[in-house]
2 protein chains.
Amino acid sequence: MTPPRTGRHDRDRIVTTALALLDEVGLADLTMRRLAAELDVQPSALYWHVRSKQELLAAVADRILDRVRVPDTRSPALEDRLHAAARGIRDALLAYRDGAEVVLSTEALRLGSSRALDLLAAALRPDDGDGADEEAVVAAAATLQFVLGHTTLVQQRMHAESHGAAAPEDLGDAAPDRVFDTGIRLLARGLSPVSGRRA
Amino acid sequence: MTPPRTGRHDRDRIVTTALALLDEVGLADLTMRRLAAELDVQPSALYWHVRSKQELLAAVADRILDRVRVPDTRSPALEDRLHAAARGIRDALLAYRDGAEVVLSTEALRLGSSRALDLLAAALRPDDGDGADEEAVVAAAATLQFVLGHTTLVQQRMHAESHGAAAPEDLGDAAPDRVFDTGIRLLARGLSPVSGRRA
DNA sequence: ACCTGAACACCGTTCAAGT
DNA sequence: ACCTGAACACCGTTCAAGT
């Protein structure tokens with residue numbers, strides 16, 4: 001009745017389980033041994049499907065980013081479009097414990113394609129325009145770096161507070177949302193005079 | 001002749017050695033056992049001077065930030081002042097291998113004071129004005145998050161390239177300096193209409 | 001006060017050998 | 001093709017005991 005469980009998607013099962021385990025226990029406790037136990041298998045078995053822990057984490061990062069849904073703002077205002085894309089990415093990172101750190105540590109190795117970068121670059125393109133606007137890609141890279149830095153910091157702070165750190169209010173970090181919104185707004189506004197809005 | 005080496009600065013010696021070791025071998029290979037060997041001591045001896053590895057890394061991060069020298073631009077242009085402060089911080093992070101990652105992972109636990117944040121906030125203050133401009137602190141926080149995200153990514157990429165990754169040119173990352181300069185410029189320009197320059 | 005020795009409870013990864 | 005068993009070379013941290 002049940003289809004053969006021994007299908008060719010064993011690797012997907014590993015990544016899925018790793019993502020769930022990450023969310024449960026955090027990056028520090030996501031070990032190959034613990035993951036193997038979760039899958040009722042010896043640790044060494046994992047290395048038949050995956051070259052190394054780092055490769056596994058890269059696959060997990062891809063999965064986290066797969067989840068990004070940009071709220072499809074057809075707004076003519078560049079600020080709104082950038083904000084929507086940036087929020088989509090941030091929320092995907094926040095959806096799993098230590099998601100931002102996993103993606104950050106993995107994005108550096110991603111030489112060519114980056115889904116996150118593409119989304120931001122698309123939001124920054126004048127959209128009446130053509131293909132690869134170089135200035136838009138540079139601005140998109142800067143925005144991505146802000147989003148990753150911001151979210152990593154916020155997520156680490158959440159985790160630190162939860163098992164005993166300090167007052168969640170008084171700091172220069174204020175409300176995280178306010179810093180995030182300000183950062184995106186500043187980046188977008190700084191850009192406006194360059195990619196001229198037709199007034 | 002030589003003053004007693006058994007002074008009360010043993011903890012400083014540990015931090016200094018840890019920083020040097022970090023620069024030599026990188027964060028992944030900076031272990032308590034290796035650090036102990038460097039100091040000709042048993043690993044357990046370190047725990048008399050330091051509560052945990054995390055506390056040690058926080059001290060190392062402070063040391064990295066101590067090094068920041070802001071080029072003292074008395075420029076009236078907000079963009080120049082912010083750029084000078086941001087460069088000072090970035091260069092301090094780049095001065096040691098994995099410096100950005102160490103500071104990033106440590107900045108989250110820093111509830112109150114942050115030297116880096118203070119420097120950026122000072123650069124953003126209208127300077128004819130008074131003390132704690134709240135909007136400036138929020139913008140400074142956003143700028144710090146960009147600098148940390150940017151530098152962590154760039155530094156990881158440097159390290160990845162050095163032992164076999166990919167073409168250092170063609171990507172959406174372009175020249176790192178260009179992305180950094182663009183990010184800072186956008187943040188500063190976005191801010192200008194708010195903290196009004198006296199024209 | 002400061003350090004050693006020994007242990008506890010772990011890691012990631014490799015590789016012969018099994019089925 | 002896919003997994004087990006056993007090993008290698010490590011980790012951070014604790015704690016009695018020494019000096």
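All figures in this text were calculated on a predicted structure; none of them were measured in a lab. In the text below, chain A, chain B and the rest are named by the order of the sequence lines, each starting its count at 1.
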Is any side-chain heavy atom of L186(B) less than 4.5 Å from a side-chain heavy atom of L186(A)?
no

When you measure from the side chain of R157(A) to the backbone of P176(A), do you find a donor-acceptor pair of N or O atoms at a distance under 3.5 Å?
no

Is a side-chain donor or acceptor of R81(A) paired with a backbone partner of R125(A) at a separation under 3.5 angstrom?
yes

Gap between atoms CG and P, on L46(B) and dT14(D) respectively (whole Å)
13 Å

Parallel, tilted or perpendicular: which fits the ring planes of F180(B) and F146(B), with parallel below 30° and perpendicular above 60°?
parallel

Taken to the nearest 0.5 Å, the spacing of L191(B) CG from R189(B) CZ works out to 13.0 Å

Value in whole Å for how far the P atom of dG12(D) lies from CG of L35(B)
10 Å

R13(B)/E38(B) salt bridge by N-O under 4.0 Å criterion:
no

V154(B) versus R90(B): any side-chain heavy-atom pair under 4.5 Å?
no

Rounded distance in Å - CH2 (W48(B)) to P (dT19(D)):
19 Å

Can you measure R34(B) atom CZ to dC11(D) atom P for me and round it to whole angstrom units?
8 Å

Donor-acceptor pair, side chain of R97(B) and main chain of E24(B), under 3.5 angstrom
yes

How many whole angstroms separate atom CZ of R51(B) from atom P of dG12(D)?
18 Å

Short side-chain N/O contact from H49(B) to OP1 or OP2 of dA1(C), under 4.0 Å
no

Report each atom pair, protein N/O against N/O of nucleotides 5-10 of chain D, whose distance is under 3.5 angstrom.
| unit_1 | atom_1 | unit_2 | atom_2 | d |
| --- | --- | --- | --- | --- |
| dG5(D) | O6 | S44(A) | OG | 2.7 |

Given atom CG of L39(B) and atom C1' of dC3(C), what is their separation to the nearest angstrom?
13 Å

Euclidean distance for P, dC10(D) against dA9(C) (whole angstrom)
22 Å

If you find the nucleotide of DNA chain D closest to V41(A) and the one closest to Q54(B), which residue's nucleotide is nearer the 5' end?
V41(A)

Can you tell me how far C1' of dC11(D) sits from NZ of K53(A), to the nearest Å?
12 Å

For the student: nearest non-hydrogen atoms of L82(A) and A188(A), plus distance:
CD2-CB, 4.0 Å

Report the distance from atom CD of E55(A) to atom P of dT13(C), rounded to the nearest whole Å.
10 Å

Applying the Watson-Crick and G-U criteria (both distances under 3.5 angstrom) with [ ] for crossing and | for other-strand pairs, one obtains for DNA chain D ||.|||||...|||||.||

